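Working notes, structure below.
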Amino acid sequence: MSTTDTTANPKGKKSYDLYLSFCGVHDDVPFVLKLREALSSYVPEALIFFDFVKLRHIGRVTVTAPSELSLNVIQDCKMVIIILSRNYTNSQSCLQELEFITQCCLTIPALIVLPVLYPIEPSLQIGIFGQPFHNFLDRVSIKEISQGEDKIMTLVEAMSKSTQYPTDFAPMDGDEYDCVKSVVDRVISVIYKKRPELSRTFYTPSVKSSVQDVIQLLKQSKSPLVIGIWGIAGIGKTTIAKTIYDLIGPYFEGKCMLLNVGGVWGRNNGPVSLQEELLFHVNKATGFEKVTLKRNLRNKRVLVILEDVNKLEQLNALCGSRNWFGAGSKIIITTRDRRLLKEYGVDHIYRVKELDESESLDVFKWGAFGKETSPENFDELSRQVVAYSGGWPLALIALGRLLHGKEALQWEGVLWSLKNFSIPAPRLLNILEKSFNELSDNEKQTFLDIASFFIGKNQNDVLQTLNRSTQRAAFQISLLEDKSLVAIDENNKLEMHILLQAMARDIIKRESSSRTNQAKMYDVFLSFRGEDSRAKFMSHLYSSLQNAELERIMEISRARGLDVVPVFYEVDPAEVRHQEGQFGKAFEELRSTTSVNESTKTNWRRDLFDIGSKAGNESGDVKNIVESVSRLLDRTELFVAEHQVGVESRVEAATKLLDIQKSEDVLVLGIWGMGGMGKTTIAKAIYNQIGSKFEGKSFLLNIREIWETNNQVSLQQQVLGDIYKTMTFKIRDIESGKIILKERLSQNRILFVLDDVNEVDQLNALCGSREWFGPGSRIIITTRDLHILNSCRVDQVHRIEEMDGNESLELFCWHAFKQSRPTKDFARHSTDVIAYSGGLPLALQVLGSYLSDCEIPVWQKVLEKLKCIPHNQVHKKLKVSFDGLKDITEKQAFLDIACFFIGMDRNDVTQILNGCGFFADIGIKVLIERSLVTVDNRNKLQMHDLLRDMGRQIIYEESPFDLEKRSRLWRPEEVFDILSKYTGTKAVKGLALEFPKTNKVCLDTKAFKKMNKLRLLQLARKGSLVAMELKYSNLKYSWNWSQKMLENLKFLNLSHSLELTETPNFDYMPNLEKIVLKDCPSLSSVSYTIGDLDKLLLINLSNCTGLGTLPRSIYGLKSLETFILSGCSLIDKLEEDLECMKSLTTLIVDKTAITKVSFSIVRSKSIKYISLPGFEGFSRDVFPSLIRSWMSPSKNVISLVQTFAPMSSLGLCMKCDSKPQLSQDVARILDALKATNCQKLEPSATSTPSRLINDYIAQASTSKSNNFLKSFLIQMGMKLQSTNIAQDNILQTADGIWDPILLPCYNISDWSTISSKGCSIIFDVPTMKGSNLKNMTLFLVYYSSSDNIASEGCQGVLIINYTKTTIQAYTKDALTSFEDEDWKSITSNLESGNKVEIVVVLGDGFIVEKTTVYLLYDEPIDKEMEHCNAIGKESVIAFSHEDKNVGVSDGDNIHVPMDHIITGSEQDEALSDDKHGQAMSRKRKSDYSNGIHYNA
């Protein structure tokens, strides 16, 4: 890069690429110089204008106006970089220069301006946009600037018009280095015209246009301005918002962009975390109250962007109202819901539009091909895919990535899916369904109906069809339009994106056949062809098939259980079913003339078969049709609820358990839950939904209340009246009623619902047993008492769950505001009520109705009161369950749990309450059955907040005004009052005191003197306990601490606790890093929860002599680095899972009873130091020694846990899980056996044992010259005299060479011989019919040097079975010590057809010339060998049949005539034994005299 000084001759004018605008006063000079140097180094081709004159006047602002040269350069250059520092806006020259740059931006479209704020740290930028800068803005001549416009935004708009990509104005965050690098990157993109990777897909001309449009809206006011960016998911709202954030963010005193607000809001503590993040980014402050937000934001000019907002309460909590923000602040909200923006009252709503075809193709091609062009044969395919995407960026990107690298045929498959309304990209479908899942039940139904039937239909016609009440249907459609799921064109017709239609169809397909009917807007859909005056069935068929109407109807019928009544008008059902006769001809004509794919035609046949198989009406008689429809509709329904929020999903789950369609058995379903949970509501909805499928039905409401009035007979009477529609049955008493019910009900298929049962006698009187009912009957029982359901042995129990947050809010709002969402002013208070109600429908309805039409002060007072005193109506309903407890100890246990034990371990609470004499094992079980207490998956006792408040209200009512007369005290302020004033009395039975975290509290034990009936005392302290040392304590077993007290604990030391029998439950200590329990001799149990400590680094259990076992979960600790069990004398094994401890570096288990370990211990790649009984040191030394010990015949200190049987005690036998593991284990064994100066074998992911063995051989190879030839023989299996003699002769031979002719294979007919060069042989085990392997002999010929001629060469033998992935490894001494049982460990693992490799491992300096294996079978081989292959081009196999004994080599050393070699199926007559022996003897003598050695 060349740089120009302003002293240069202006006549030599150049065309500059870059102009640097800066002040040059003290603070910005080092940064400017650093930036110039970087530009010179990394963009050398660019010509930059740098005004050195400014640097000559450092510290003096003497230049009063920019030079003419500077202004000329600005006009002609490509890019201007402005260093906006505090002194810049105080310099008259700089401001004039900035004014000129601004005017150039308006007149020169190609000019790119890059503003850089300095200092980089935002907290130091205050003052850059001070009064001089605002005075400058007032002077700037920008056309059409109104009095109320935000001039800074106007300036930003002017300077950003030529921006090409997002990176042209990316934020300058980080340190100076990052800033300089960012500027250089942007200059490179301009000079070299490199399009940034990010912009290729996302930053289209439409995005740029949208950014400019939104900035136009943002500049319209100096006051705080709120803009909503609205559109369907994936349309580009976030891209636009991020771009704006990067572009205008530097011009604000504070800025924050909160992503995924809707998703974060729904998480635990989500609202608070969002508020804290907003405060931190805008003000670097913490806190989460709204008042804190308002106080910190109102005096600042801030930029806040809230991305993907889906609830009004989110806006109320995060940006309240405009008076929260200082002048010039901008709040941008992106959402899929336009109605939300309207309710909040934004200033402007900007709708993001779809991309046009050209932009769509660009975006798609970048995703599919990674460039702007497509291969020639993909042009048309690309256009077709883009057409289905409808200008939707998310779909274009998802489909592009899906098709990236795919063949044209696969493209055709994706297009076929799109044509058939199927979405091939799962991620795309998930995003679409997110919008669908946020709809209310009515909105979902309307959406599916429109997608299925009404696309392209006039809205007015649709409204008449959808609903008797046009206003309600119109409201549902407007909601869908606000959520971008439905559009209405200029002709008032309904439109929907094709991918949304595909999603709707996919949802319908996935709905189960037992899905409950949603609240329908119509009862009957009449399908006919209106324009056909003949109204013939075939004519209507033609129309309905072409319009896909019949296909949609049958699809919904299968998915939702929709009743379809066909009317076969002048056509036989069989013709429809099988497409025969005149109907069949018409159908074939339609098939041949309609341009649809074969799949659609197949679907038509299936639908016609189904419709023709249905019981319909063949006569066309209107009266019969009406009767059929009336029977299906069955108008005897119960009122369920005014607002059925959350009912559908619960009904669906319960109905599935009834198995209505399949089972003809009598089934009993129990619906169980606490009072007010909605059991009766769900039962009513089920009754209405499935009642028409039964011959008779009855619903007995409020059985408990009626039973208590001694009017039991009336219930029996009602059952008969409901089912038989008559009251003529007369029942005298309960017992006679039982007989009548049994006789009558058994004749029919009945649906019988018994509501609010609380005694078994009620069931005995009303539904006796299953024999009372006809086949296929269903009985539903709702109750608060699980014990009742277990007593009558129901088939299924359905527990009603609490409502989630969304359901709770909607139900509450319907009762409080008569709409599904709260009004703006009541949003926060509504959230408080929801939190208090805990998802209990009863409380939501009662409180919603109670607070309806109340002002905010009333709400506040009610909420304050509810914190102390529950609502009477709710309290009364819940107290029914408490009053129903028969045993006083059960009531006392409930009250204790409500006041003291929520969240504590069930076993601990049981132990405490048993100590109080409450028989808690039984009592807690009863409380669980009565839905008063629950137990979570961690065995902790839980209780609904309203049940807790009900219990505490009972205590409060014991003595409303005198604390000391209440039986239980738990509120800290009340407890401190009692203890500090010494006013406690004998009435107090339980007391819980939580000490404050900061304040010091002193209490005198005299305060407890009068509490002589006190049986429960609970003390706790809030805090962040990090370390706990209780060495030499008298703890005996797990203690009970507050969960919050231990949640930050990192170090636990209970060493020398001689009476400690068990560890604590580690669930309360999720951050624990070190556990030290040294010398705890009574410790016998370690909690399985230790396996959940994912941050644990150290476990020290040394000298815990009473500990015999460890929980299996401990081996799942992936973070554990040090594991010490030294001195745990009862620990006798380490599990195979040890290798799962990926971080374990130190393992000390000496002085234990461990005598066997798994091979997995040497597989560990992390262990660096290990101490085992008899072995200690670094793993690189210990592991080889350990492996060699397993192969030794001596008695091992630590033996191997063998992985297959029968096992030998003389070697290593192991089964590998996979071939890669087989390779790795072979490498480890070879490393252990080979010479110490060899390089370590490192198996890769593709290594095989054979390759590793070849590597080993290559390492061991040396020159054969000047070496001595030797041989040795090893026999395994049955000891043979001939083999023993041969072995002795080899040992007695002076030069160590033995003629292979004298080996037993030359004298015994039952041997098979396999030879190969080198130290390994790979072969397939022969298939010998009727024979068993009796003996295997290894014969080796090898070289040794003069240095090791007297040494023993063989280190060991490996037998690798590739078929079974097993390894058997033995030392030579082990093999020579073999007994029959040891031999069986080999033969049992060598089966016919197995691929086997035998490897002989020699020490350093030894070279194997040839290895031969002889296999002896236990009876003569008189049958042809079926299969035997030696693998490797050097290998030869020789077989002896009967008296034909032939020795075979590879031909390198022993020359045998070809007609004497028996291979394959050739069985030429061989030489006789004598001739052969003489010939070979002569040959051997001749060759030895010439220095040639022999191998078998």
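Just so you know, residue 1 is the first one in the sequence shown, and it goes up from there. All heavy atoms count here, side chains included; hydrogens, waters and symmetry mates do not. Bear in mind that the values here come from a model prediction, so they are computed numbers and not experimental data.
- The distance from the CG atom of Asp362 to the CG atom of Leu396 is 10.5 Å, given to the nearest 0.5 Å.
- The structure places CG of Leu247 at 10.0 Å from CG of Leu218, a figure rounded to the nearest 0.5 Å.
- Side chain of Ser209 to backbone of Pro205: no donor-acceptor contact under 3.5 angstrom is found.
- Contact annotation: the side chain of Ile188 approaches that of Val184 to within less than 4.5 Å [non-hydrogen atoms, C-beta and beyond].
- Salt-bridge check for Lys483 with Glu443: passed, with a basic side-chain N closer than 4.0 Å to an acidic carboxylate O.
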List the steps, then state whether side-chain contact (heavy atoms from CB on, under 4.5 Å) holds for Val304 with Phe325. CA-CA 10 Å; Val304 175; Phe325 301 93; 4.1 Å; yes

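- In this structure a side-chain-to-backbone donor-acceptor pair under 3.5 Å is missing from Trp366 to Gly400.
- Judged by distance alone, the side chains of Glu354 and His497 never bring a donor and an acceptor atom under 3.5 Å apart.
- Put simply, the side chain of Val226 reaches to within 4.5 Å of the side chain of Tyr344, judged on heavy atoms.
- The closest side-chain heavy-atom distance from Leu500 to Ile232 is below 4.5 Å.
- Using cut-offs of 30° and 60° for the angle between ring planes, the Phe447 and Phe436 rings count as tilted.
- With Val346 as the fixed residue, the side-chain contact (heavy atoms from CB on, under 4.5 Å) test singles out one of Leu315, Ile227, Ile333: Ile333.
- Using modelled atom types, one side-chain atom of Lys237 and one backbone atom of Gly231 make a donor-acceptor pair closer than 3.5 Å.
- For the atom pair Ser206 OG and Asp213 CG, the distance stands at 10.0 Å (nearest 0.5 Å).
- In this structure, the side chain of Ser329 engages the main chain of Lys300 through a donor-acceptor pair within 3.5 Å.
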Criterion side-chain contact (heavy atoms from CB on, under 4.5 Å) on Leu394 and Ser389, from CA distance to verdict: CA-CA 9 Å; Leu394 176 67; Ser389 301; over 6 Å; no

Could you check Ser21 against Ile101 for side-chain contact (heavy atoms from CB on, under 4.5 Å), going step by step and ending with a plain yes or no? CA-CA 10 Å; Ser21 176; Ile101 292 170; 4.3 Å; yes

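- Remark: Asp246 does not engage Lys242 in a salt bridge, criterion side-chain N to carboxylate O under 4.0 Å.
- Of the possible polar contacts, none joining the Glu307 side chain to the Thr334 backbone as a donor-acceptor pair under 3.5 Å is found.
- Taking Lys434 as the reference, Asp308 meet the salt bridge (charged side-chain N to carboxylate O under 4.0 Å, His left out) condition, with sequence neighbours excluded.
- Annotation: side chain to side chain contact (heavy atoms under 4.5 Å, CB included) contacts of Cys813 (sequence neighbours excluded): Leu809, Phe817, Pro822.
- Taking 4.5 Å as the limit, some side-chain heavy atom of Leu403 sits within range of a side-chain heavy atom of Phe364.
- For the pair Cys319 and Leu306, the tightest heavy-atom approach, listed with the atom from each and the gap, is SG-CD1, 3.9 Å.
- The side chain to side chain contact (heavy atoms under 4.5 Å, CB included) check on Asn1071 picks up Asn1048, Lys1095, with sequence neighbours excluded.
- Side-chain contact check for Tyr19 and Glu97: at least one donor-acceptor pair (N or O, by modelled atom type) lies under 3.5 Å.
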Working note: Leu428 + Trp392, criterion side-chain contact (heavy atoms from CB on, under 4.5 Å); need CA distance, chi angles, decisive distance, verdict. CA-CA 11 Å; Leu428 185 58; Trp392 189 20; 3.9 Å; yes

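- For the atom pair CG of Leu479 and OG of Ser820, the computed distance is 7.0 Å after rounding to the nearest 0.5 Å.
- Between Met503 and Leu429 the shortest side-chain heavy-atom distance falls below 4.5 Å.
- Remark: Asp482 engages Asp337, Arg338, Arg339, Lys342 in a side chain to side chain contact (heavy atoms under 4.5 Å, CB included) (not counting sequence neighbours).
- Between Val116 and Phe31 there is a side-chain heavy-atom pair separated by less than 4.5 Å.
- Among the candidates Arg336, Lys444, Lys311, the single residue satisfying the salt bridge (charged side-chain N to carboxylate O under 4.0 Å, His left out) test with Glu438 is Arg336.
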Run the side chain to side chain donor-acceptor pair (under 3.5 Å) test on Ser321 and Asn323 for me, step by step, so that the C-alpha distance in whole Å, both residues' side-chain angles and the decisive distance to 0.1 Å come before the verdict. CA-CA 6 Å; Ser321 62; Asn323 61 14; 2.5 Å; yes

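- Heavy-atom minimum distance, Leu274 versus Leu318: CB-CD2, 3.9 Å.
- Heavy atoms only, all atoms of each residue included: Ile349 and Trp230 are closest at CG2-CB, 4.1 Å.
- Between the side chain of Glu807 and the backbone N or O of Asp804 there is at least one donor-acceptor pair closer than 3.5 Å.
- Here the NZ-CZ distance, from Lys353 to Arg351, works out to 7.5 Å after rounding to the nearest 0.5 Å.
- Applying the side-chain hydrogen bond (donor to acceptor under 3.5 Å, both in side chains) criterion to Asp825, with sequence neighbours excluded, gives no partner residue.
- Of the inter-residue distances, the one linking Leu499 atom CG with Leu432 atom CG reads 6.5 Å to the nearest 0.5 angstrom.
- Asn806 is not listed as a side-chain neighbour of Glu810, based on a closest heavy-atom distance of 4.5 Å or more.
- Nearest heavy atom pair, residue Ile240 against residue Ile229, reads CG2-CD1, 4.2 Å.
- In this structure, Val43 and Leu18 have side chains that are not in contact, with every pair of non-hydrogen atoms separated by 4.5 Å or more.
- Environment of CZ in Phe369: crowded, with over 12 heavy atoms of neighbouring residues, nucleotides or ligands closer than 6.0 Å.
- Residue pairs meeting the salt bridge (charged side-chain N to carboxylate O under 4.0 Å, His left out) criterion with at least one member in residues 320-333, sequence neighbours excluded: Asp150-Lys330, Arg322-Asp347.
- Across all their heavy atoms, Ala233 and Ile431 have their closest contact at CB-CG2, 3.8 Å.
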